[in-house]
Amino acid sequence: MKVSTEDEAIAEQLRLRDQVSQETPEGFAPKTAAGLDVHYTDRGTAAVCVLDLATLEVVDQAVVTGSVDFPYISGLFAFRELPLLLPALEKLSVTPDVLVCDGQGIAHPRRFGLACHAGVLTGIPSIGVSKSANGGWEMPGPNRGDWTRIEDERRPIGRTLRTREGVKPVFLSIGHKMDIDTATELVLTLTPKYRLPETTRRADRLSRGLD
DNA sequence: GCGACAG
DNA sequence: ATCTTGTCGC
């Protein structure tokens, strides 16, 4: 379905959100994780970087550049980024076991943020990790691994997670085919040294034409 | 009108 | 997101 207006985008989110699964597939044992990010200049450059979870080395990557016509609107972020991210995912020579998106999953006004959208359209388990969050949350403890709930109307929709001591926590929520505990463990695996997941850092660098 | 507001 | 100086720490 073509989506070009705000109303159409919201209708599309409401149509797709029931397809989100909050259950991790039986025997889920991811060997690879993909980071997704888009960098903007006069156009957009989407980058996907697949890392081996055991070594955090890059095993595959893809870049797609094109025009971006949908504006940035909080709550409709996916409609700005997915048109370039999906083609980039298709260019990969391997299918990643999980997608780590730079944004929200169900911690979203309609419970259908970028990570959910990417997961449902690809069928790949996904999570959303962002640098800031909507909704209510309190600062987690000071140690790596400490977390607190992100809530909306007293309903848990995600977690803050301290990935590194002395710095602001990250905000994570499940995207698709994923449970929050598995997502938390995955993010900790991806953050041995820096606040943000290695997947996100590599995709960000790649989208900027570095590396 | 005012504050909130993923990137 | 992007703009943009200095500063602290490994």
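Letters go in sequence order (proteins before strands), and every chain restarts at 1.
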(Q) Could you write out DNA chain B as dot-bracket? Rules: Watson-Crick or G-U wobble, both distances under 3.5 Å, brackets [ ] for crossings, | for pairs with another strand, dot for unpaired. (A) .......
(Q) On the nucleotide B:dA6, are OP1 or OP2 found under 4.0 Å from the side-chain N or O atoms that A:Lys131 carries? (A) no
Q: Quickly work out the A:Asp204 CG to B:dA6 C1' distance and round it to whole Å.
A: 15 Å
(Q) Whether the side chain of A:Thr32 engages the backbone of A:Pro96 through a donor-acceptor N/O pair (distance < 3.5 Å, no angle test) should be reported. (A) no
Q. Taking the six-membered ring for Trp, are A:His117 and A:Phe79 ring centroids under 6.0 Å apart?
A. yes
Q: Give a yes or no on whether a salt bridge exists between A:Asp181 and A:Arg159, defined as a side-chain N under 4.0 angstrom from a carboxylate O.
A: yes
Q: Find the distance A:Gln104:CD to B:dA6:C1' and express it as a whole number of Å.
A: 5 Å
**Q.** Salt-bridge present (A:Asp102, A:Lys131; N to O < 4.0 Å)
**A.** yes
Q | Side-chain heavy atoms of A:Glu165 within contact of A:Pro142, under 4.5 Å | A | no
Q.
Considering every strand and a 4.0 Å limit on heavy-atom distances, what is the contact class for A:His108: base, sugar-phosphate, or nothing?
A. base
Q) Over how many whole Å does the gap from A:Leu84 atom CG to B:dG7 atom P extend? A) 18 Å
Q) Can you hop from A:Leu56 to A:Val100 via hydrophobic side chains spaced under 4.5 Å? A) yes
Q: Could you check how far CG of A:Asp37 sits from C1' of B:dA6, rounded to whole Å?
A: 12 Å
Q. Within this structure, what is the CG-to-P distance between A:Leu196 and B:dA6, rounded to whole angstrom?
A. 15 Å
(Q) In whole Å, I'd like the distance from the CZ atom of A:Phe77 to the C1' atom of B:dG7. (A) 3 Å
Q: Using modelled atom types only, decide if a donor and an acceptor are shared between the side chain of A:Arg17 and the backbone of A:Phe112 within a distance under 3.5 Å.
A: no
Q) Given atom CG of A:Leu82 and atom P of B:dG7, what is their separation to the nearest angstrom? A) 15 Å
Q: Could you tell me whether a side-chain N or O of A:Ser126 sits under 3.5 Å from a main-chain N or O of A:Ala115, the two making a donor and an acceptor?
A: yes
Q. Under 5.5 Å between ring centres and under 30° between planes: does that hold for A:Tyr72 against the base of B:dG7?
A. yes
Q) For the pair made of CZ in A:Arg111 and C1' in B:dA6, what is the distance, rounded to whole Å? A) 14 Å
Q: Assign A:Gly128 to base, sugar-phosphate, or nothing according to its heavy-atom contacts below 4.0 angstrom with the strands shown.
A: nothing
Q.
Looking at A:Ser74, I'd like to know whether one of its side-chain N or O atoms comes within less than 4.0 Å of OP1 or OP2 on B:dG7.
A. no
Q. Under a criterion of less than 4.0 angstrom to any heavy atom of chain A, what are the 5'-terminal and 3'-terminal contacting nucleotides of DNA chain C?
A. C:dA1 to C:dT2
Q. Are any side-chain N or O atoms of A:Arg110 and backbone N or O atoms of A:Gly75, one a donor and one an acceptor, separated by less than 3.5 Å?
A. yes
Q.
Applying a 4.0 Å non-hydrogen cut-off, can you work out what A:Leu76 is touching in the nucleic acid: base, sugar-phosphate, or nothing?
A. base
